[in-house]
Amino acid sequence: QKEVEQNSGPLSVPEGAIASLNCTYSDRGSQSFFWYRQYSGKSPELIMSIYSNGDKEDGRFTAQLNKASQYVSLLIRDSQPSDSATYLCAVSSGNTPLVFGKGTRLSVIA
Amino acid sequence: NAGVTQTPKFQVLKTGQSMTLQCAQDMNHNSMYWYRQDPGMGLRLIYYSASEGTTDKGEVPNGYNVSRLNKREFSLRLESAAPSQTSVYFCASSENSLPQNTEAFFGQGTRLTVV
């Protein structure tokens with residue numbers, strides 16, 4: 001059983017701070033890694049995808065991947081109250097369906 | 001650009017009733033998926049279709065059937081609804097080009113209550 005683990009939170013950070021969200025996965029053959037954001041009552045929306053070791057930056061978001069440690073993280077700089085949501089980590093091996101973690105609730109306090 | 005469209009958005013069923021959830025995508029994606037989301041359980045895969053004409057079981061397939069009607073449409077059927085199937089159901093699609101899977105795009109969800 002392929003597993004994706006996330007701390008359920010809630011993770012509370014003050015406005016303007018850096019939020020750090022972490023995810024570990026069990027399948028060493030995983031090749032594709034995604035972060036989704038889900039607001040309450042809404043569907044998941046893609047924030048970042050990452051396929052290679054290292055960092056990938058997109059605006060205030062940075063995804064970090066370390067395949068040797070089977071670890072992927074998401075950093076949100078200059079956190080805003082509008083970033084308050086549940087963040088889902090998803091992992092895929094080859095062309096298999098995405099396996100999701102249970103998500104981390106982030107609360108940004110104004 | 002509609003993306004992934006699910007119907008209905010809300011549904012209440014009595015135990016034992018049947019229904020079909022409809023899903024259509026207009027992005028010419030190869031793969032389509034049905035997930036359910038329950039509090040504290042995350043998104044769990046029910047069934048998926050890697051390409052037109054194929055379907056496979058996911059993590060929680062019991063009590064469900066699916067049909068990949070064509071490349072655009074993928075339906076989920078509950079033959080005899082049970083209270084344990086009360087959940088939010090999401091349809092998703094992805095281009096799924098080898099060697100790496102691409103991101104999945106989600107529909108707006110169907111909130112199903114079985115009483």
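Order of the sequence lines fixes the chain letters, A, B, ..., with proteins taken first and strands second; residue numbering starts at 1 for each chain.
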Any chance the side chains of [X] and [Y] put a donor and an acceptor closer than 3.5 Å?
X       : Y       : answer
A/Asp55 : A/Thr62 : no
A/Gln70 : A/Arg28 : yes
B/Thr20 : B/Arg77 : yes

When the aromatic ring centroids of A/Tyr25 and A/Phe33 are compared, is their separation below 6.0 Å? yes

Report which part of A/Glu45 has an atom under 4.5 Å of a heavy atom belonging to chain B: side chain, backbone, both, or neither. neither

A/Ser8 versus chain B, the contacting section by heavy-atom distance below 4.5 Å: neither

Which residues satisfy the salt bridge (Lys or Arg N to Asp or Glu O under 4.0 Å) test with A/Lys2, sequence neighbours excluded? A/Asp27

Using salt bridge (Lys or Arg N to Asp or Glu O under 4.0 Å) as the criterion, list what pairs up with B/Asp56, not counting sequence neighbours. none

What part of [X] gets closer than 4.5 Å to chain A, counting heavy atoms only: side chain, backbone, both or neither?
X        : answer
B/Glu103 : both
B/Arg111 : side chain
B/Leu45  : side chain

B/Val88 reachable from B/Trp34 in the ILVMFWY side-chain graph, under 4.5 Å edges: no

Could you tell me how the ring of B/Phe106 sits relative to the ring of B/Tyr35: parallel (under 30°), tilted (30 to 60°) or perpendicular (over 60°)? tilted

Sort by residue number and list every member of residues 97-110 of chain A having a non-hydrogen atom under 4.5 Å from chain B. A/Pro97, A/Leu98, A/Phe100, A/Gly101, A/Lys102

Contacts with chain B made by residues 73-87 of chain A (heavy-atom distance under 4.5 Å), listed by residue number: none

Hey, are the side chains of B/Tyr89 and B/Tyr64 touching, using non-hydrogen atoms and a 4.5 Å cut-off? yes

So, taking the atom named CD in B/Gln11 and the one named CD in B/Gln17, what distance separates them when rounded to the nearest 0.5 Å? 8.0 Å

Could you give the distance from OG1 (B/Thr5) to CG (B/Asp26), rounded to the nearest 0.5 Å? 6.5 Å

